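None of the values given here were measured: they were computed from a predicted structure.
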Amino acid sequence: MAKKRSGGGLSPTQQAAKFLGVSVLAGAVMAGIALPAAGALGLAAKGSVEGFDEIPANLKRPPLSQRTTILDSEGGQIATVYSRDRTVVDLEDISPYMQKAIVAIEDSRFYEHGAVDLKGILRALNENAQSGGVAQGASTLTQQYVKNVFVEEAGDDPTKVAQATQQTLGRKVRELKYAIQVEEELGKKKILENYLNITFFGQQAYGVEAASQRYFSKPAKDLKLEEAALLAGIVQSPTRYDPVNDEAEATKRRNVVLQRMAEVHDITQQEADAAKRRPLGLDVSRPKNGCITAVKGAGFFCDYVREVVLNDPTFGETKEKRAKIWNQGGLTIRTTLDPQAQDSVQVSVQDHVNKSDDVATAATIVEPGTGKILAMGQSRPYGLSKNETTINLSVDKEMGGGAGYQPGSTFKPIVAAAAIEGGRSAGQSYSSPYEMEYPSPVSVCDGKKWVNTEGATLSNENESEVGPYGMKEATAKSVNTYYVQLISDIGICPVTRMAKKMGVERADGGKIVQAPSIALGTQEMSPLTMANAYATFASRGTYCTPVAIESVSQQVGDEKKSLDVPKSTCSRAMSERTADTMNTLLRGVVEDGTGQQAGLSGRASAGKTGTTDFRYAAWFVGYTPNMAGAVWVGDPAHKRRMTSISIGGRYYDKVYGGEVPGPIWRDMMAGALEGKDAPDFTLVDIPDGGGRGDDDRDDGGNDDGGGAANGGNNGVVGGNGNGNGNGGNDGGAFPKPTFSIPEGWISGNENGGGNGNGGGNGGGNGNGGWWQ
């Protein structure tokens with residue numbers, strides 16, 4: 001006589017024999033369980049021993065996808081995300097009522113048969129023949145579990161899901177063979193445990209623990225009889241029997257389960273009747289999935305973390321492998337987010353910009369020398385409702401952001417750094433008129449020349465901004481014509497090379513245009529890019545790629561393993577001397593320049609304002625030695641100009657970088673830095689003006705390139721003959737531009753003789769100026 005297994009059911013040999021015994025009736029039997037005729041699919045061979053043996057013997061059971069938890073740098077929870085909301089639990093942590101209810105309604109002979117229930121198949125055939133349709137199925141709980149394994153393995157791929165659930169004889173035969181294997185390997189109790197953990201219960205809940213929390217806000221071990229019956233009833237059709245959307249239908253189904261439990265003697269009829277009279281007793285917890293659940297306004301940072309996992313090769317060589325890790329979940333991701341800094345960012349942006357304003361703001365803080373992203377927030381919350389968005393305005397397009405925003409004058413320090421690193425003096429002075437044509441020709445990286453064929457012009461913000469200016473004053477006042485003359489003088493290639501070294505790239509992934517106008521910030525960048533670039537100055541010339549993840553562990557079955565995470569790569573972008581010079585220049589911006597409203601009290605700070613053409617965007621990017629941050633304000637759709645506008649309840653005739661972004665930066669940085677060390681910059685001496693002191697003419701200045709000239713009587717740039725020492729007797733030394741100067745535009749008196757203390761002859765002996 002056949003020997004029964006201790007776990008219940010027949011041996012694999014017996015199951016195979018039974019399967020083969022009924023295979024001759026394949027067409028009829030399969031029709032009786034809602035499958036098309038075998039011949040129509042060309043699968044009749046699958047009913048033979050040969051076809052059955054061709055099916056692989058081992059069922060691959062992928063780890064069940066679970067929730068992923070994202071933590072801040074101190075271990076506080078930011079958000080939970082998942083492809084499928086599931087928490088795997090042991091059978092002992094599932095209410096006995098739940099175990100009995102699911103068996104009673106789905107497979108009441110579960111403990112009596114093996115993987116295939118021949119009696120059930122014949123019963124289904126008889127019932128369906130009498131009804132003339134499909135009144136009853138014949139899949140055992142084990143077979144249902146196998147089907148769910150196929151669905152789980154398919155993940156979110158709709159094609160694979162369809163293949164895993166299609167009503168074909170081939171799939172059914174495959175299920176049967178794998179069910180035999182599973183029965184042999186796992187036994188009844190483990191199969192039941194796995195089934196209850198894998199099954200979908202509607203409302204985004206996978207597995208009984210998630211379902212119990214969703215519908216009753218309690219763990220599965222505490223489910224009462226009527227609650228367990230409700231959940232067991234949902235499994236057959238989660239949409240039809242959804243108690244949230246159709247309480248009446250769900251109640252009917254629950255009562256069917258209760259009655260079935262009484263019929264199979266799991267409970268008494270009195271218990272069933274009493275439970276039927278009770279209300280559903282729902283205590284629904286809405287799905288808490290995704291970055292929309294993030295605390296402290298960290299939804300956008302949460303989304304950035306997701307993009308890192310899906311895009312960084314550290315998590316897998318291919319896109320598919322990375323997506324599998326994310327969708328499988330079970331991850332605990334500890335991030336770089338500093339809760340104090342994040343709180344401060346959110347408070348500041350909400351204090352200064354309303355979510356319903358015509359414009360928005362985005363702000364990011366990073367740590368110099370490490371690349372760690374400490375905070376990321378914006379005025380329009382993460383979401384899909386009015387005045388909300390899921391676009392991360394702080395990052396590049398490929399990481400979930402938009403196409404970026406012109407950074408305006410916040411790009412100028414990159415030009416200055418390139419010039420200084422290339423050997424130019426920080427005392428460099430240019431004529432810097434109020435208005436001028438772009439100089440032409442200008443050298444670019446490929447050895448060619450940029451030529452101003454259109455006669456394009458530019459001007460400064462105010463008509464009073466008329467040079468000559470040295471670098472220090474031109475930076476503090478953000479003089480456009482100065483910086484265009486500077487980039488035209490040194491060439492465009494050193495600037496784009498410096499930008500690359502500082503991680504500055506277009507937000508849309510395109511290349512920075514080779515034109516002098518880039519000095520004015522015409523190429524769209526993201527706040528994260530600009531914050532991290534300025535962190536290079538703060539760290540005295542070391543650039544570090546941005547990172548958001550400290551560590552990742554993954555729960556796979558009973559094991560927990562650590563995953564490799566992306567590391568910041570640091571490299572020297574400029575010398576310490578260049579960085580120190582830039583820190584000195586940019587400190588002047590917040591002390592007595594356009595960024596005074598951004599200045600921090602009690603600690604060293606530096607930065608730069610930026611305002612774009614037509615005021616579509618305004619910026620402040622700044623830093624201390626231990627934090628760097630960027631604030632952008634503007635219309636993400638690039639339609640609303642910031643003139644005659646109300647922002648945060650305050651009216652502005654015109655918005656400037658130092659006026660709106662500046663105070664946002666000040667407040668967010670003050671809060672983020674509270675209680676932290678206040679180190680100083682290493683500063684250098686920078687003269688107010690003078691010549692380059694490094695190339696093709698005499699320099700009338702001191703050892704650092706010369707001081708400011710006394711001025712000129714007749715032209716924009718020129719000088720009296722009484723200049724002595726700092727300025728040089730020629731009225732200050734200025735580079736000979738490579739563009740046409742109108743006659744009489746630059747001139748001086750005829751008394752320009754004399755020698756300057758800085759070395760070289762101070763001026764002309766007859767004309768007093770370089771050009772007439």
Is it true that the side chains of [X] and [Y] contain a donor and an acceptor less than 3.5 Å apart?
X: Gln485; Y: Ser431; value: yes
X: Ser478; Y: Ser409; value: yes
X: Thr584; Y: Thr581; value: no
X: Thr481; Y: Asn460; value: yes

Would a 4.5 Å heavy-atom cut-off, applied to side chains only, mark [X] and [Y] as touching?
X: Asn480; Y: Ser459; answer: no
X: Ser464; Y: Tyr434; answer: no
X: Ile647; Y: Met642; answer: yes
X: Lys296; Y: Leu337; answer: no
X: Tyr482; Y: Met471; answer: yes
X: Lys501; Y: Tyr543; answer: no
X: Leu586; Y: Thr475; answer: yes
X: Ser429; Y: Pro468; answer: yes

Taking NZ, NE, NH1 and NH2 as the nitrogens, is one of them in [X] or [Y] under 4.0 Å from a carboxylate oxygen of the other?
X: Lys472; Y: Glu591; value: no
X: Arg334; Y: Asp72; value: no
X: Glu550; Y: Lys372; value: yes

Does [X] have any ring-ring contact (aromatic ring centres under 6.0 Å, His included) partners at least two apart in sequence or in another chain, and if so, which?
X: Phe411; answer: none
X: Tyr483; answer: none
X: Tyr652; answer: none

Crowded around [X] [atom1]? As in, over 12 foreign heavy atoms under 6.0 Å?
X: Lys500; atom1: NZ; answer: no
X: Asp677; atom1: CG; answer: no
X: Lys449; atom1: NZ; answer: yes

Can you measure from [atom1] ([X]) to [atom2] ([Y]) and round to the nearest 0.5 angstrom?
X: Lys567; Y: Cys544; atom1: NZ; atom2: SG; value: 13.5 Å
X: Gln340; Y: Lys676; atom1: CD; atom2: NZ; value: 3.5 Å
X: Met436; Y: Thr457; atom1: CE; atom2: OG1; value: 10.0 Å
X: Ile414; Y: Lys608; atom1: CD1; atom2: NZ; value: 12.0 Å

On a heavy-atom basis, which atom in [X] and which in [Y] lie closest, and how many Å separate them?
X: Met498; Y: Ala418; value: CB-CB, 3.9 Å
X: Ser539; Y: Thr536; value: OG-O, 3.3 Å
X: Cys570; Y: Gly369; value: SG-O, 4.0 Å
X: Ala606; Y: Arg587; value: CB-N, 3.5 Å
X: Met502; Y: Ala533; value: CE-O, 3.2 Å
X: Arg615; Y: Val655; value: NE-O, 3.0 Å

Would you list the pairs meeting ring pair (Phe, Tyr, Trp, His ring centres under 6.0 Å) in which at least one residue belongs to residues 654-677, sequence neighbours left out?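 Qualifying pairs, neighbours excluded: Phe620-Trp665.
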Under the side-chain contact (heavy atoms from CB on, under 4.5 Å) criterion, do Leu458 and Tyr438 qualify, and how do the steps go? CA-CA 7 Å; Leu458 72 147; Tyr438 279 94; 4.0 Å; yes
Non-neighbouring partners of Glu367 that pass side chain to side chain donor-acceptor pair (under 3.5 Å), sequence neighbours left out: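 Glu367: side chain to side chain donor-acceptor pair (under 3.5 Å) contacts with Thr370.
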Between Leu673 and Leu600, is the side-chain contact (heavy atoms from CB on, under 4.5 Å) condition met? List the steps. CA-CA 10 Å; Leu673 289 161; Leu600 298 174; 4.1 Å; yes
Any chance you could lay out the side-chain contact (heavy atoms from CB on, under 4.5 Å) test for Ile487 and Val442, step after step, and finish with the verdict? CA-CA 9 Å; Ile487 194 174; Val442 180; 6.0 Å; no
Tell me which donor-acceptor pairs under 3.5 Å the side chains of residues 516-527 have, and how far apart each pair is, sequence neighbours excluded?
{"residue": "Thr522", "atom": "OG1", "partner": "Ser517", "partner atom": "O", "Å": "3.4"}
{"residue": "Gln523", "atom": "OE1", "partner": "Arg506", "partner atom": "NH1", "Å": "2.8"}
{"residue": "Gln523", "atom": "OE1", "partner": "Val513", "partner atom": "N", "Å": "3.1"}
{"residue": "Glu524", "atom": "OE1", "partner": "Arg506", "partner atom": "NH1", "Å": "3.4"}
{"residue": "Glu524", "atom": "OE1", "partner": "Arg506", "partner atom": "NH2", "Å": "3.4"}
{"residue": "Ser526", "atom": "OG", "partner": "Asp396", "partner atom": "OD1", "Å": "3.0"}
{"residue": "Ser526", "atom": "OG", "partner": "Thr529", "partner atom": "N", "Å": "3.3"}
{"residue": "Ser526", "atom": "OG", "partner": "Thr529", "partner atom": "OG1", "Å": "3.0"}

Qualifying residue, where the test is side chain to side chain contact (heavy atoms under 4.5 Å, CB included) with Tyr304 and the options are Thr335, Asn392, Thr364: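 Exactly one pass, corresponding to Asn392.
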Fit a plane to each ring of Tyr405 and Trp619, take the angle between them on a 0 to 90° scale, and name the class: parallel (under 30°), tilted (30 to 60°) or perpendicular (over 60°). tilted
In terms of the angle between their ring planes, are Tyr623 and Phe537 parallel, tilted or perpendicular, with boundaries placed at 30° and 60°?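 Tilted: the ring planes of Tyr623 and Phe537 meet at 30° to 60°.
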Ile490 and Gln428: side-chain contact (heavy atoms from CB on, under 4.5 Å), yes or no, with the steps? CA-CA 12 Å; Ile490 67 173; Gln428 176 74 62; over 6 Å; no
Whether the side chain of Thr609 engages the backbone of Gly658 through a donor-acceptor N/O pair (distance < 3.5 Å, no angle test) should be reported. no
